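A quick write-up on the structure given underneath.
Convention: sequence-line order gives letters A, B, ...; per-chain numbering from 1. All values derive from a computational prediction rather than experimental measurement.
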Protein chains: 2
Amino acid sequence: MKRSSRLSLALHALVHLHKQPDEAMTSTTLATCLMTNPVVVRRALGELRDAGIVGSTKGHDGGWRLLRPAKDISLHAVYSAMGESLLIRTESDPGDIACGIVRTVNTVMGEFIADAEALLAARLERVSIADIANQATPNPLHPHHGVHHHG
Amino acid sequence: MKRSSRLSLALHALVHLHKQPDEAMTSTTLATCLMTNPVVVRRALGELRDAGIVGSTKGHDGGWRLLRPAKDISLHAVYSAMGESLLIRTESDPGDIACGIVRTVNTVMGEFIADAEALLAARLERVSIADIANQATPNPLHPHHGVHHHG
DNA sequence: CCTAATGTAACAATATTAGTTACATGAAAC
DNA sequence: GTTTCATGTAACTAATATTGTTACATTAGG
């Protein structure tokens with residue numbers, strides 16, 4: 001697995017929920033689609049639940065569903081809900097603290113990153129889960145039928 | 001240590017080389033300033049040497065020096081020389097390969113990242129090592145004397 | 001009260017990154 | 001030419017971050 005698979009994992013799950021609006025999907029079902037563990041799904045979606053993006057219900061016929069239309073869920077909302085960023089973290093540069101250069105590099109880099117962060121946030125705000133779903137070109141071998149039986 | 005300290009490490013080293021243009025600095029001296037191991041310094045600067053940004057000489061009075069003025073070394077040159085990026089890598093999303101959604105998420109994200117990469121590259125191109133050095137506000141407690149005896 | 005779901009803590013496994021040791025190579029000093 | 005001081009690099013170890021797993025508590029419905 002690669003770094004920050006959490007992000008694509010969450011997006012993947014959200015698109016699934018969007019495509020199946022009628023009934024809640026369980027963590028186990030999603031985990032099968034995402035080829036991971038139900039607990040990992042809960043952890044990721046739990047953060048989105050705290051941000052009011054998805055809702056979860058326990059017990060019979062419980063599971064996850066979107067709390068608002070996919071077109072109203074921006075990628076930026078997802079990312080900030082998960083405390084993630086597209087940019088690397090470059091805080092806390094190693095180096096002798098008595099050396100002024102360290103702090104200068106950190107300052108310059110920090111400003112650059114903050115600037116870039118704002119730039120990307122604005123762009124991510126303009127992309128929604130619906131945008132991703134609409135671009136979904138079904139796999140010619142396994143077209144979607146609403147139910148996802150993993151291969 | 002934080003992720004991609006390699007980047008700030010390299011920048012830190014380059015500013016040191018810029019501030020000391022008269023003689024070469026050894027990996028050991030730099031390692032002391034950067035609070036790391038000489039081999040780590042060699043690994044990082046080695047990539048910059050391959051890119052023609054710095055030069056190294058062996059033997060007595062050997063070490064590292066800049067091969068061109070600091071104002072002509074852009075952050076983008078440094079980053080691409082090291083094969084690094086300011087953006088996270090999101091390649092190879094986990095998920096069932098038979099599920100079209102996986103590929104769609106990857107496609108959309110990939111395009112977004114590529115776009116952002118180009119954007120940031122252009123911005124990094126406009127910042128040089130000299131820009132960082134000029135912004136260096138010396139530590140009031142330990143002003144620079146040219147030689148860096150670590151604390 | 002049994003089943004099916006989430007919630008979460010604690011732990012194990014894995015992957016990534018940084019640090020270290022060891023030794024070969026090359027250049028200047030003596 | 002031999003010694004010394006430097007880089008070059010491979011191999012290994014250690015530390016860190018991430019992901020996966022197990023176990024069990026909680027809640028809802030039949």
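- Side-chain N/O atoms of B:Arg42 include none lying less than 4.0 angstrom from OP1 or OP2 on D:dG8.
- For the contact set between residues 45-58 of chain A and DNA chain C, defined by any heavy atom under 4.0 Å, the members are A:Arg49, A:Ser56, A:Thr57, A:Lys58.
- Around the CG atom of A:Asp61, the shell of radius 6.0 Å holds no more than 12 heavy atoms that belong to other residues, nucleotides or ligands.
- Annotation: the span from B:Trp64 atom CH2 to B:His16 atom NE2 amounts to 15.5 Å, rounded to 0.5 Å.
- Remark: P of C:dG7 and CG of A:Leu30 are 13 Å apart, rounded to the nearest angstrom.
- Donor-acceptor pairing under 3.5 Å is recorded for the side chains of B:Ser74 and B:Glu125.
- In this structure, the nucleotide among C:dT21, C:dA9, C:dA5 sitting nearest to the side chain of A:Val39 is C:dA9.
- In this structure, the CZ atom of B:Arg65 is 12 Å from the P atom of D:dT7, given to the nearest Å.
- Linking Ile, Leu, Val, Met, Phe, Trp and Tyr whenever their side-chain heavy atoms come within less than 4.5 Å puts A:Val41 and A:Leu66 in one cluster.
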> Is there a side chain to side chain contact (heavy atoms under 4.5 Å, CB included) between A:Glu47 and A:Glu84 once you walk through the steps?
Replying inline: CA-CA 11 Å; A:Glu47 301 186 60; A:Glu84 294 272 351; over 6 Å; no
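- Applying the 4.0 Å criterion to OP1 and OP2 of C:dA18, one finds that B:Thr36 has every side-chain N and O outside that range.
- As a whole-Å value, the separation of A:Arg6 CZ from D:dA17 P is 14 Å.
- Across C:dG19, C:dA5, C:dA28, the shortest atom-to-atom separation from the side chain of A:Thr26 is found for C:dA5.
- The NE2-P distance, from B:His60 to D:dT3, rounds to 13 Å in whole Å.
- Distance CD (B:Glu84) to C1' (C:dT17): 11 Å, rounded to an integer number of Å.
- Atom-to-atom, CH2 of B:Trp64 to C1' of D:dT7 comes out at 7 Å; the value is rounded to the nearest Å.
- Distance CG (A:Leu7) to P (D:dT19): 10 Å, rounded to an integer number of Å.
- Residues B:Val127 and B:Leu48 are members of one and the same hydrophobic cluster, defined by side-chain heavy-atom contacts under 4.5 angstrom among Ile, Leu, Val, Met, Phe, Trp and Tyr.
- We find the CZ-CG distance between B:Arg123 and B:Leu86 to be 11.0 Å, quoted to the nearest 0.5 Å.
- Ranked by how close their nearest DNA chain C nucleotide is to the 5' end, B:Arg43 and A:Pro38 are led by A:Pro38.
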Polar pairs (N or O, both sides) under 3.5 Å between protein and nucleotides 13-15 of chain D?
none

>> Applying side chain to side chain contact (heavy atoms under 4.5 Å, CB included) to B:Val40 and B:Leu34, what does each step give before you reach the verdict?
In response: CA-CA 10 Å; B:Val40 173; B:Leu34 315 199; over 6 Å; no
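- Listed here is the closest heavy atom pair of A:Val15 and A:Ala133: CG1-CB, 4.1 Å.
- Separating the CG atom of B:Asn37 from the P atom of D:dT9 is a distance of 16 Å, rounded to the nearest angstrom.
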